[in-house]
Structures are given as C-alpha cells and as structure tokens.
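Some notes on the structure that comes next.
One-based numbering, in listed order, for ligands and for the atoms of each. Here the structure is a predicted model, which is why all the values come from computation and not from measurement. Index from 1, following the sequence. Note that these values count all heavy atoms, side chains included, but never hydrogens, waters or copies made by symmetry.
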Amino acid sequence: MSSDSQLRLEPLPVPRTFDLEVVSVEDWTATLRRIVLRAPELRDLDYRVGQDLMLKLDSGRGLVNRRYTIRRVDLPRGEVEIDVVRHGSGPGARWADATRPGERLLDVVAPRGKITVDPGAAWHLFIGDETAIPAMFHMAESLPDPRTVRVLLEVGDALDAPPPPPGLAGTVHFVNRSGGPPGADGPLLAAAADADLPASRGRAYIAGEARTVLAVRDLLQRRGLTRDQMAVKAYWRRDQPNLDRGEPDPAE
Ligand SMILES: Cc1cc2nc3c(=O)[nH]c(=O)nc-3n(C[C@H](O)[C@H](O)[C@H](O)COP(=O)(O)OP(=O)(O)OC[C@H]3O[C@@H](n4cnc5c(N)ncnc54)[C@H](O)[C@@H]3O)c2cc1C
C-alpha cells in the first residue's frame with residue numbers, strides 16, 4: 001500500500017540532526033500536549049509547513065523513531081513546538097506523558113516529510129484526526145486567501161477541540177466522535193461525504209489513521225477528485241504500533 005502521495009514544487013530542505021532540550025510542556029487540550037524544544041542550531045532551521053521532526057525515543061527494548069509535525073517555529077529563540085496526542089500506550093505517548101523541561105533529546109532529525117501546501121490550488125480541503133491537527137492548522141494558516149480554506153478535524157469530544165489559530169480565517173469544522181474509539185473511519189468519512197468540493201481545481205490533504213485516510217481518499221475519488229489532487233499520509237494504524245522508523249506498517 002502506498003499511503004504517501006506527494007507534491008513537490010521545489011527541492012525540500014535537507015534534513016539535519018539536532019540535540020534538543022525540552023523547554024516547556026503544557027496541556028493544550030484534554031488530549032493534546034504542547035511541547036517546546038530548543039537548540040541554538042534551530043535558529044537557521046529551514047522547513048516547509050506540514051513537515052515534521054523525527055524523535056529517537058526509548059521503547060524499553062531500544063530506541064525507536066517517532067514523528068511529530070512542526071507546529072510552530074521561533075527562529076530567533078531557536079525553538080520548535082510540537083503537539084502530541086496522549087493516546088496512552090507506545091513510546092511516543094509515554095514520552096509525552098513523562099517529559100519535563102530540561103530533558104535532552106539526542107539525534108532528532110528535521111525536517112522530515114514531503115507533504116506541504118500547493119499554493120497554486122484554487123481551494124484547499126484539510127482532513128484528519130487529532131494527530132493531524134498540527135499539520136492541518138500550520139498548512140491552513142500559511143495560505144493567503146482564507147476564503148479558499150476548509151479544515152475538517154475529528155476529535156474525541158468537545159474538550160479535545162482546540163481553538164482554531166487566530167491567523168486562520170477559513171472554515172474549521174470539528175467532527176466529534178462522542179467518545180467512540182479513535183481510528184474508526186465512520187465520523188470522518190461522513191464529514192468527507194458532505195464536504196463541499198467546488199468544481200475548480202482544488203487540493204485535499206488527508207492524514208491520520210492508516211485505514212481511515214485511504215477510505216477518505218477513495219471516497220473523495222468517487223466524488224470526482226483525482227489522485228494527484230490529494231496528498232495522503234498514514235500517521236498511525238489502529239491496534240498496531242508504528243514501525244521503528246516511525247511510520248505505520250504499509251503491508252496491511
Ligand atoms: C509524518 C507524521 C507526522 C505526525 N505528526 C503527529 C503530530 O503532530 N502529533 C501526533 O500526536 N502524532 C503525529 N503523528 C502520529 C504519531 O507518530 C503516531 O500516533 C505514533 O503511532 C505515536 O507513537 P507511539 O509510540 O505513541 O505509539 P505506537 O507505538 O506507534 O502505537 C502503540 C499503540 O497505540 C496506538 N496508537 C498510536 N497512535 C494513536 C493515536 N493517535 N490514537 C489512538 N491510538 C494510537 C497504536 O494503534 C498501537 O496500538 C505523525 C506521524 C507521522 C508519520
């Protein structure tokens with residue numbers, strides 16, 4: 001299965017390796033933990049909105065990679081912010097629960113990822129679950145014409161819905177799964193089925209649970225979007241840990 005459809009407008013920045021320090025840890029919503037990381041070398045970080053950091057974290061059996069989207073960067077301070085879903089188990093979720101200011105993270109790779117915004121698209125539809133909120137908000141707020149931007153995000157309940165960024169004047173709609181399990185495709189599929197798809201050539205960005213993103217892609221394709229109008233990325237797979245390289249197993 002290829003869940004990665006890419007848009008390349010210009011060469012992407014070359015990934016570099018950083019040793020980072022945790023500067024602050026704050027609960028942004030009931031499930032999203034905002035973590036700010038710092039290193040002097042981040043002052044000249046080059047990245048595209050939608051790209052991510054790859055952290056090396058202890059799994060109890062050695063180090064594994066886990067990827068988190070760059071939500072915001074403060075270049076003068078050498079800081080980068082990530083928002084991590086506290087879903088319970090796994091090296092990434094355990095790290096987010098336990099980390100405190102002062103922790104050092106070695107050999108962090110940034111920027112990773114190939115999906116970024118297509119500034120030439122007539123409209124932009126961003127679709128994802130909680131794990132995709134950082135990517136969708138950052139990409140959406142980077143666009144100059146908010147009238148062309150729609151964001152559809154699945155959250156567990158109302159307490160999990162973060163305030164949309166002030167710079168994002170497009171439409172943000174939260175799909176509430178009302179306590180249902182994350183990664184079941186129903187709520188997001190229903191929202192995608194209702195989403196307005198103007199006839200002009202737009203672009204859809206889809207990220208989140210592996211089976212869900214493919215189901216949403218197939219639905220939008222049935223509704224008339226072509227594959228090259230969609231940037232699709234599997235971030236995690238329900239009931240299965242990501243591979244040590246930080247992505248869900250594509251073999252399923
Ligand atoms: C390019 C990229 C960017 C990403 N950006 C972000 C981001 O900004 N913020 C973010 O929070 N995540 C993001 N993710 C997703 C995150 O890397 C995965 O959720 C990852 O599985 C977390 O690792 P873990 O060690 O916590 O759990 P794993 O060891 O991978 O999995 C352990 C168990 O937890 C389950 N699980 C994993 N993730 C979730 C979840 N979100 N909800 C419920 N159950 C889950 C698995 O199905 C498995 O049963 C991104 C992934 C990619 C590939």
(message) Quick one, Q51 with M139, criterion side-chain contact (heavy atoms from CB on, under 4.5 Å). Give me CA distance, side-chain angles, the key distance, then yes/no.
(response) CA-CA 9 Å; Q51 288 194 289; M139 288 196 284; over 6 Å; no
(request) I would like to know whether R71 and F137 meet side-chain contact (heavy atoms from CB on, under 4.5 Å); could you show each step before the answer? (result) CA-CA 8 Å; R71 173 64 187 90; F137 275 0; 3.7 Å; yes
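R72 meets the side-chain hydrogen bond (donor to acceptor under 3.5 Å, both in side chains) test with E81; sequence neighbours excluded.
Around ligand 1, the residues contributing at least one heavy atom under 4.0 Å from the ligand are D52, R66, R67, Y68, T69, D83, V84, V85, H87, S89, G90, P91, G92, A93, T131, P134, P182, Y235, W236, R237, R238, D239, Q240, P241, N242, G246.
With a 4.5 Å cut-off between side-chain heavy atoms of Ile, Leu, Val, Met, Phe, Trp and Tyr, the cluster of V36 takes in V23. Chaining together hydrophobic side chains whose heavy atoms lie under 4.5 Å apart leaves L63 on its own.
Both cation-pi conditions hold for R150 and W123: the charged atom is under 6.0 angstrom from the six-membered ring centre and inside a 45 degree cone around its axis.
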